[in-house]
Amino acid sequence: RCRARIVATAVVGSDPELMLTGVIPATRKALAKAHLRLEQIGRFEVNEAFGSVVLAWAKELGADMSKVNVHGGAIAHGHPLGATGAILMTKLVHELERSNTRYGLQTMCIGFGQATATIVENCSYRAAKL
């Protein structure tokens, strides 16, 4: 059964001297490709290679921090090189299902100014009946 559908992805390169800010334009690009606004995203997994990444991302985009890394980020859970992306996506899909939330966004800062963003949709999402 479908658990999550990839809605949009984005890969960007930014100034390598400010290498940890690439997640900001990656998020904007993915949102534009998906025709979504930040407010429509119910959960975020923002890779915490360093704590400043999440803080800069949230400050620049105005994200609701109660929706960000709700079960702890890479600093809390560890950051095993080569596995962090899969771990964060797994956490995101499980949290979308647990909370009956429609959209989630994962960002990854890669290094040397590169970053990715992926928006997924919960296949089992059920809108509340009015």
Side-chain angles (χ1 to χ4, degrees):
R1 77 176 168 88
C2 172
R3 295 186 68 192
R5 175 182 77 86
I6 295 174
V7 176
T9 62
V11 178
V12 302
S14 60
D15 184 341
E17 291 186 20
L18 300 172
M19 64 180 184
L20 300 176
T21 61
V23 294
I24 297 165
T27 297
R28 288 184 174 131
K29 188 174 180 180
L31 288 167
K33 287 173 79 173
H35 304 287
L36 293 170
R37 296 179 323 279
L38 191 75
E39 300 78 30
Q40 292 175 275
I41 306 297
R43 294 290 186 270
F44 301 94
E45 285 292 337
V46 181
N47 180 33
E48 293 176 322
F50 302 94
S52 60
V53 173
V54 180
L55 296 175
W57 175 87
K59 181 178 180 181
E60 182 72 23
L61 297 172
D64 178 351
M65 289 301 287
S66 70
K67 299 177 181 180
V68 178
N69 298 349
V70 297
H71 295 290
I75 292 173
H77 294 283
H79 181 34
L81 229 44
T84 303
I87 292 167
L88 294 183
M89 185 56 72
T90 300
K91 286 173 48 182
L92 181 58
V93 170
H94 281 273
E95 177 56 22
L96 291 175
E97 290 174 338
R98 186 201 68 74
S99 63
N100 189 41
T101 302
R102 185 169 184 182
Y103 295 112
L105 183 143
Q106 173 189 340
T107 66
M108 297 293 297
C109 52
I110 300 170
F112 303 106
Q114 299 175 78
T116 67
T118 303
I119 296 174
V120 295
E121 181 177 18
N122 175 2
C123 291
S124 62
Y125 170 75
R126 299 290 176 254
K129 293 182 181 183
L130 299 175

* To do: Give a yes or no on this: more than 12 heavy atoms of other residues, nucleotides or ligands lie within 6.0 Å of atom CG of L55.
  => yes

* Asked: Can you find a pair of side-chain heavy atoms, one from T9 and one from T116, that are under 4.5 Å apart?
  -> no

* Structure fact -> The remaining residues in the hydrophobic cluster of M108, counting side-chain heavy-atom contacts under 4.5 Å among Ile, Leu, Val, Met, Phe, Trp and Tyr, are L88

* To do: Mind checking the OG1-CD spacing from T84 to E48? Nearest 0.5 Å is all I need.
  => 10.5 Å

* Structure fact -> Checking R5, R43, R3 against E121 for salt bridge (Lys or Arg N to Asp or Glu O under 4.0 Å), the one that qualifies is R5

* Hphob cluster co-occupancy, I41 + V7, side-chain heavy atoms under 4.5 angstrom -> yes

* Worked verdict on Q114 versus V11 for side chain to side chain contact (heavy atoms under 4.5 Å, CB included) -> CA-CA 7 Å; Q114 299 175 78; V11 178; 5.5 Å; no

* Do the side chains of R28 and V12 get nearer than 4.5 Å, heavy atoms only? -> no

* **Residue F50 excluded, over 12 heavy atoms near CZ under 6.0 Å** => no

* To do: State whether the side chain of N100 and the backbone N or O of R126 hold a donor-acceptor pair below 3.5 Å, judged by distance alone.
  => yes

* Is V23 reachable from L20 through a run of I, L, V, M, F, W or Y residues, each pair having side-chain heavy atoms under 4.5 Å apart? -> yes

* **Spatial distance of atom CD1 (I119) from atom CG (L105) [nearest 0.5 Å]** => 5.0 Å

* **Distance-only polar pair, side chains of T27 and W57, donor-acceptor under 3.5 Å** => yes

* Asked: How would you list all residue pairs meeting disulfide (SG to SG under 2.5 Å) that involve residues 55-126, not counting sequence neighbours?
  -> C2-C123

* Asked: Quick one: CE on M89 to CD1 on I6, what's the gap to the nearest 0.5 Å?
  -> 6.5 Å

